[in-house]
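Working notes, beginning with the structure itself.
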Amino acid sequence: MRFKRLTVRISEEPWKIIFKKPTEDDYIGVEDDDIGLCVAEDNKIFVEPDPDCVLSTAIHEVLHAVFPQLSEDAVIDGEAALMDLLNKFPQELLHTNDTPETR
């Protein structure tokens, strides 16, 4: 089975994000209830593609990759703050009908 993947740059390195629930085949020690996993030695992140949590899980695991020194609680706090921002972000700031000449 082929899973959706994308590549992102983290600390100047390409990282693969694989949208599948992490399993023991991906990393020894994965728990049944894990929905994300950051494997720093392989530059891979696994994210369960559940629509209810895929974005927050991806953010959480990317924070682990960018800031490996952070505690789990600090990563959870960062994830919560970024999700709050994204949920409240005014979409009109992302889309404009103006051309550079009319601004």
Side-chain angles (χ1 to χ4, degrees):
M1 176 181 225
R2 189 87 171 132
F3 298 98
K4 175 102 175 120
R5 299 168 179 248
L6 56 93
T7 301
V8 297
R9 295 201 64 75
I10 299 174
S11 301
E12 304 291 326
E13 296 288 327
W15 280 63
K16 297 279 186 216
I17 299 183
I18 304 158
F19 293 93
K20 72 176 275 296
K21 182 172 176 50
T23 66
E24 284 272 339
D25 292 338
D26 303 314
Y27 193 79
I28 295 172
V30 170
E31 303 288 332
D32 286 340
D33 61 347
D34 287 345
I35 59 173
L37 176 68
C38 175
V39 184
E41 57 269 19
D42 295 334
N43 287 15
K44 288 183 181 176
I45 293 172
F46 295 88
V47 177
E48 183 172 359
D50 178 342
D52 292 333
C53 61
V54 67
L55 181 59
S56 62
T57 303
I59 287 170
H60 181 100
E61 299 306 332
V62 167
L63 286 171
H64 276 302
V66 174
F67 303 109
Q69 73 280 9
L70 291 182
S71 68
E72 185 68 13
D73 287 341
V75 169
I76 290 168
D77 288 346
E79 170 195 345
L82 288 168
M83 286 302 296
D84 190 42
L85 169 67
L86 291 171
N87 286 324
K88 294 176 180 174
F89 200 85
Q91 293 297 304
E92 65 272 11
L93 294 178
L94 298 176
H95 306 285
T96 180
N97 293 327
D98 294 344
T99 62
E101 296 81 35
T102 62
R103 287 187 213 164

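Atoms considered below: every heavy atom in the structure, side chains included; atoms not considered: hydrogens, waters and symmetry mates. Throughout, numbering of the chain's residues begins at 1 and tracks the sequence. Since the structure is predicted, the reported quantities are computational estimates derived from the model, not experimental observations.
The two residues Lys21 and Asp32 come nearest to each other via the heavy atoms NZ-O, 2.8 Å. Nearest heavy-atom pair, Trp15 versus Val39, reported as atom, atom and distance to 0.1 Å: CZ3-O, 4.1 Å. In plain terms, the two heavy atoms of Phe3 and Lys20 that are nearest each other are CD2-CB, 3.4 Å. In plain terms, the two heavy atoms of Pro22 and Leu37 that are nearest each other are CB-CB, 3.8 Å. The two atoms that bring Asn43 and Pro14 nearest to each other are ND2-O, 3.3 Å, heavy atoms only. Summarising the geometry of Ile45 relative to Ala65, their closest heavy-atom pair is CD1-CB, 4.2 Å, with the distance given to 0.1 Å.
A chain of hydrophobic side-chain contacts below 4.5 Å, direct or via other Ile, Leu, Val, Met, Phe, Trp or Tyr residues, connects Val47 to Ile59. There is no path of hydrophobic side-chain contacts, each under 4.5 Å, that joins Tyr27 to Phe19. At a threshold of 4.5 Å between side-chain heavy atoms, the hydrophobic network of Ile, Leu, Val, Met, Phe, Trp and Tyr places Ile35 and Val30 in two separate groups. With hydrophobic clusters built from ILVMFWY side chains whose heavy atoms lie under 4.5 angstrom apart, Ile18 does not share a cluster with Val8.
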Please tabulate, for the side chains in residues 69-87, all donor-acceptor contacts under 3.5 angstrom to protein atoms that are two or more places apart in sequence or on a different chain.
unit_1: Ser71; atom_1: OG; unit_2: Ala74; atom_2: N; d: 3.1
unit_1: Glu72; atom_1: OE1; unit_2: His64; atom_2: NE2; d: 2.9
unit_1: Glu72; atom_1: OE2; unit_2: His60; atom_2: NE2; d: 3.0
unit_1: Glu79; atom_1: OE1; unit_2: His60; atom_2: ND1; d: 2.6
unit_1: Asp84; atom_1: OD1; unit_2: Lys88; atom_2: NZ; d: 3.2
unit_1: Asp84; atom_1: OD2; unit_2: Lys88; atom_2: NZ; d: 3.3
unit_1: Asn87; atom_1: ND2; unit_2: Met83; atom_2: O; d: 3.0

Which is it for Phe46 and Asp34 under the side-chain contact (heavy atoms from CB on, under 4.5 Å) test, yes or no, and what are the steps along the way?
CA-CA 10 Å; Phe46 295 88; Asp34 287 345; over 6 Å; no
Does the pair Ile17 and Val62 meet the rule for a side-chain contact (heavy atoms from CB on, under 4.5 Å), with working shown?
CA-CA 9 Å; Ile17 299 183; Val62 167; 4.2 Å; yes
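With hydrogens and angles ignored, the 3.5 Å screen pairs a side-chain donor or acceptor of Thr23 with a backbone N or O of Asp25.
When the shell of 6.0 Å around CD of Glu41 is examined, it contains more than 12 heavy atoms from other residues, nucleotides or ligands.
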